[in-house]
Amino acid sequence: FADPSAEIGALSSLGVQTLANILVFLVFFAMGWIIGLSFYRFRLIAGLASILAGLFLMSTISSLWGQGFEFVIPGLRLPRIQNPGVFTAFGITLVSLVGQFGILYGLIRKMPVKVQ
């Protein structure tokens, strides 16, 4: 991504990279929960759809931070995001994380608990 020291100023490049890695980890972790809960609550079709949505999100976030993961479906290829600013990358990552937490809340809010 773009030179973080030019945009951030006082923050060190190591601090920005550490924060970025933590946010990317949280996005991937939340997506794992969404996939698991989709299979638990809605069964196979919604679970598989959540896997595709997760791959799309992972590809977007990885491309945003320049980590090299690329999601390719035959006939459909997502374009790479070329050198976004640090603030743009943080903003998009935070918006996706808030959206994921909203989805998790919606999945868990009225979820029936199976007792065996």
Side-chain angles (χ1 to χ4, degrees):
F1 52 87
D3 182 21
S5 60
E7 291 185 37
I8 302 295
L11 292 176
S12 70
S13 178
L14 180 62
V16 170
Q17 190 63 40
T18 302
L19 183 59
N21 286 338
I22 290 170
L23 284 176
V24 169
F25 171 79
L26 286 175
V27 167
F28 288 3
F29 186 75
M31 197 64 226
W33 273 98
I34 290 172
I35 291 169
L37 289 172
S38 295
F39 273 106
Y40 179 79
R41 185 165 182 192
F42 302 114
R43 303 287 178 221
L44 183 65
I45 301 300
L48 293 175
S50 67
I51 289 174
L52 286 176
L55 288 172
F56 175 77
L57 181 67
M58 288 170 46
S59 176
T60 303
I61 296 296
S62 294
S63 175
L64 191 66
W65 290 104
Q67 294 177 341
F69 178 79
E70 196 169 345
F71 178 51
V72 177
I73 295 178
L76 173 67
R77 184 180 177 138
L78 297 174
R80 286 199 171 271
I81 300 171
Q82 298 295 328
N83 296 328
V86 173
F87 290 120
T88 304
F90 274 119
I92 292 171
T93 305
L94 286 174
V95 166
S96 68
L97 193 58
V98 168
Q100 284 179 308
F101 286 151
I103 291 170
L104 282 172
Y105 176 74
L107 285 173
I108 295 172
R109 185 177 50 165
K110 294 184 180 180
M111 179 181 285
V113 177
K114 297 177 185 172
V115 180
Q116 294 184 11

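The residues of the chain are indexed from 1 along the displayed sequence.
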### Summary
One should read off an interatomic distance between Leu52 CG and Leu57 CG, to the nearest 0.5 angstrom, of 12.5 Å

### Message
Same cluster or not: Ile22 versus Phe28, using hydrophobic residues (I, L, V, M, F, W, Y) connected whenever any side-chain heavy atoms lie under 4.5 Å apart?
### Response
yes

#### Entry: Qualifying residues under side-chain contact (heavy atoms from CB on, under 4.5 Å), relative to Leu94, sequence neighbours excluded
Leu23

### Query
What pairs with Phe25 under ring-ring contact (aromatic ring centres under 6.0 Å, His included), at least two apart in sequence or on another chain?
Phe29

### N/O donor-acceptor pair under 3.5 Å between Thr18 side chain and Leu14 backbone
yes

### Message
Measuring from atom CD1 of Ile61 to atom CD1 of Ile92, what distance do you get when rounded to the nearest 0.5 angstrom?
### Response
7.5 Å

## Note on the structure
Residue pairs meeting side-chain hydrogen bond (donor to acceptor under 3.5 Å, both in side chains), one or both in residues 91-100, sequence neighbours left out, come to Trp65-Thr93

### Task
With rounding to the nearest 0.5 Å, note down the distance linking CG in Leu104 to CE in Met31.
8.5 Å

### Message
Looking at every non-hydrogen atom in both residues, tell me the closest pair between Phe101 and Ala30 and how far apart they are.
### Response
CE2-CB, 4.3 Å

Could you pull out all donor-acceptor pairs under 3.5 Å where a side-chain atom in residues 39-49 meets a protein atom, sequence neighbours excluded?
from, atom 1, to, atom 2, distance (Å)
Tyr40, OH, Lys114, N, 3.1
Arg41, NH1, Gly106, O, 3.4
Arg41, NH1, Leu107, O, 3.0

#### Entry: Test side chain to side chain donor-acceptor pair (under 3.5 Å) applied to Ser38 - qualifying residues, sequence neighbours left out
none

